[in-house]
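Encoded as structure tokens, the structure appears first; notes follow it.
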Amino acid sequence: MPELPEVELAARIVRRAAIGRTITSARVLHPSQRRGLPDEAAASLAGDAIVAVWRRGKHQLLRLKSGRTLHVHFRMTGDWVVLPSRCAPLPSHARVVLRFDDRSAIALDDPRALSNVTLHEPKADPLPRLGPDATSPSFNARWLRERCAGRRVAIKGALLDQRVVAGIGNIHASEALWLARLDPRVVAAGLTPAQYRAVVIGVKRTMALALARQRRYGTDANEPESYFVYGREGEPCRRCRTPVRRILQGARSSYFCPRCQRR
DNA sequence: AGTAACCTGTGC
DNA sequence: GCACAGGTTACT
């Protein structure tokens with residue numbers, strides 16, 4: 001499941017499960033997935049092989065021996081499930097299944113079926129315009145200030161904008177702003193230099209904590225106890241014990257401490 | 001900037 | 001029943 005840390009773990013899993021194996025069949029099991037990967041495109045995958053797996057933001061790129069690229073985006077609820085053998089049962093919401101020549105397979109498991117899987121010809125670039133990864137040194141206070149200048153978005157909205165910074169989603173945006181002690185509704189263009197720095201530090205720290213959690217506990221690492229504020233409405237702030245508030249910003253929940261996160 | 005749309009599941 | 005869910009795009 002899918003912000004940068006979860007997608008990073010997923011990419012590692014496919015890398016280990018799929019690199020060097022030849023695809024014997026690709027099956028698409030849900031009509032909405034067929035829009036991105038029609039049966040004919042899926043059929044053309046047989047005989048090809050996965051030679052490299054990259055992650056950029058929340059996107060995964062599976063580079064094929066033919067030079068083509070499978071672009072995968074999990075959206076809200078996608079995840080990879082590895083099937084070690086022919087008799088391993090498919091996960092309950094398998095949407096796309098890639099079988100390999102050693103009889104293992106990977107399945108895209110996605111209850112809401114919002115994930116995207118698309119196949120691209122060798123020279124195509126499937127990625128949309130993205131800012132630097134949240135974990136990249138290129139994502140720094142100067143970059144953030146420049147990308148927010150002249151806009152009226154709240155800082156929470158700016159962090160969710162993948163053209164500003166890639167990989168942050170609704171959970172980690174709230175977490176990063178708690179660390180930065182900044183109210184999610186503050187207009188991003190109006191921050192002080194120190195506040196831009198605090199936001200960037202908050203983002204890096206949030207990513208590092210989540211990546212460490214992912215490595216230790218895998219996909220089950222996302223419990224409310226893991227977070228400073230996300231999903232903890234009414235529970236005490238971990239700094240000052242003030243009850244955490246939930247508000248809606250553009251139909252998405254933001255969680256914050258009304259006492260120690262300033263406007 | 002806000003809202004619907006894409007889908008299905010869960011919990012109140 | 002309704003609100004809500006870790007995302008993104010395309011419309012007012």
Side-chain angles (χ1 to χ4, degrees), chain A residues 1-11 28-37 55-60 71-80 90-96 107-118 126-131 133-134 148 150-178 184-190 203 206-207 209-211 213-214 217-234 244-256:
Chain A
M1 322 188 191
E3 294 187 39
L4 187 153
E6 294 81 7
V7 179
E8 175 61 24
L9 178 67
V28 180
L29 307 174
H30 191 285
S32 80
Q33 302 294 345
R34 230 174 303 262
R35 281 201 293 273
L37 194 65
R55 180 201 55 73
R56 176 79 166 82
K58 304 169 193 172
H59 303 258
Q60 295 172 76
H71 175 218
V72 179
H73 195 298
F74 284 160
R75 300 287 170 121
M76 300 282 265
T77 48
D79 201 6
W80 290 118
L90 287 179
S92 36
H93 305 287
R95 306 306 187 193
V96 176
L108 173 62
D109 188 33
D110 183 3
R112 289 178 71 177
L114 295 172
S115 288
N116 285 179
V117 179
T118 48
L127 290 178
R129 289 253 169 280
L130 293 173
D133 271 15
C148 293
R151 304 175 54 191
R152 268 171 313 181
V153 270
I155 186 63
K156 166 89 181 313
L159 291 181
L160 291 178
D161 184 343
Q162 303 296 299
R163 295 165 306 182
V164 173
V165 54
I168 301 177
N170 204 39
I171 292 181
H172 296 311
S174 281
E175 295 294 286
L177 291 173
W178 182 85
R185 296 165 292 187
V186 169
V187 174
V203 166
T206 303
M207 291 293 120
L209 288 170
L211 283 163
R213 250 198 328 268
Q214 291 295 320
Y217 306 113
T219 338
D220 300 323
N222 302 327
E223 303 292 318
E225 310 84 71
S226 317
Y227 300 121
F228 299 119
V229 284
Y230 185 85
R232 297 187 59 243
E233 181 180 20
V244 169
R245 270 192 70 194
R246 180 174 79 93
I247 58 169
L248 287 178
Q249 289 182 282
R252 324 271 338 256
S253 290
S254 294
Y255 297 86
F256 68 106

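Lettering follows sequence order; numbering is per chain, from 1.
- Closest to the His73(A) side chain, of the nucleotides dT8(C), dG9(B), dA5(C), is dT8(C).
- Ser253(A) and Arg246(A) share a side-chain donor-acceptor pair at under 3.5 Å.
- Distance CG (Asn116(A)) to P (dA10(C)): 11 Å, rounded to an integer number of Å.
- Between Arg252(A) and dG7(C) there is a side-chain polar atom (N or O) within less than 4.0 angstrom of OP1 or OP2.
- When the P atom of dG7(C) is taken as reference, atom CG of Leu4(A) falls 12 Å away, rounded to whole Å.
- For the pair Leu108(A) CG and dG7(C) P, the interatomic distance rounds to 16 Å; values are reported in whole Å.
- Contacts of Arg163(A) with the nucleic acid, taken as non-hydrogen atoms under 4.0 Å apart, are absent.
- Taking atom P in both dA5(B) and dA3(C), one finds a spacing of 15 Å when rounded to whole Å.
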| query | Given the rule in the side chain to side chain contact (heavy atoms under 4.5 Å, CB included) test, do Leu160(A) and Lys156(A) qualify, once you have shown the distances and angles that lead to the verdict? | reply | CA-CA 6 Å; Leu160(A) 291 178; Lys156(A) 166 89 181 313; 4.1 Å; yes
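- Counted within 6.0 Å of CZ on Arg151(A), heavy atoms from surrounding residues, nucleotides or ligands total more than 12; the atom is thus considered enclosed.
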Protein-nucleotides 1-6 of chain B N/O pairs closer than 3.5 Å?
unit_1 : atom_1 : unit_2   : atom_2 : d
dC6(B) : O3'    : Arg35(A) : NH2    : 3.2

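- Between His93(A) and dC7(B), a side-chain N or O to OP1/OP2 separation shorter than 4.0 Å is absent.
- In summary, Lys58(A) and Asp133(A) do not engage in a salt bridge, as defined by a charged side-chain N under 4.0 Å from a carboxylate O.
- For Gln162(A), no side-chain nitrogen or oxygen approaches OP1 or OP2 of dG7(C) to under 4.0 Å.
- Ring-plane geometry between His59(A) and His73(A) is classed as perpendicular, the angle between the planes exceeding 60 degrees on a 0 to 90 degree scale with a lower cut at 30.
- For the C1' atoms, the distance linking dC6(B) with dG1(C) amounts to 22 Å, nearest Å.
- Between Ser253(A) and dA5(C), a side-chain N or O to OP1/OP2 separation shorter than 4.0 Å is present.
- Salt bridge Arg95(A)/Asp109(A): absent, no basic N to carboxylate O contact under 4.0 Å.
- Rounded to whole angstrom, the span from the CG atom of Asp110(A) across to the C1' atom of dT8(B) amounts to 9 Å.
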| query | How far apart are the C-alpha atoms of His71(A) and Gln60(A), what are their side-chain angles, what is the distance that settles it, and do they pass the side chain to side chain contact (heavy atoms under 4.5 Å, CB included) test? | reply | CA-CA 6 Å; His71(A) 175 218; Gln60(A) 295 172 76; over 6 Å; no
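- Atom CG in Leu127(A) sits about 11 Å away from atom P in dT9(C), given to the nearest Å.
- dC11(C) sits 16 Å from dC7(B) when the P atoms are compared, rounded to a whole Å.
- Side chains of Ser254(A) and Gln249(A): a donor on one and an acceptor on the other come within 3.5 Å.
- Across Ala11(A) and Arg55(A), no two heavy atoms sit closer than the pair CB-CB, 4.1 Å.
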| note | For DNA chain C, the expected dot-bracket line (Watson-Crick or G-U under 3.5 Å, [ ] crossing, | inter-strand) is |||||.||||||
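- As a whole-Å value, the separation of Leu130(A) CG from dG7(C) C1' is 13 Å.
- Aromatic ring orientation, Trp178(A) versus Phe228(A): parallel (interplanar angle below 30°, classes split at 30° and 60°).
- Rounded to whole angstrom, the span from the CG atom of Asp79(A) across to the P atom of dG9(B) amounts to 16 Å.
- If you measure from atom CZ of Arg95(A) to atom P of dT8(B), you get 7 Å, rounded to the nearest angstrom.
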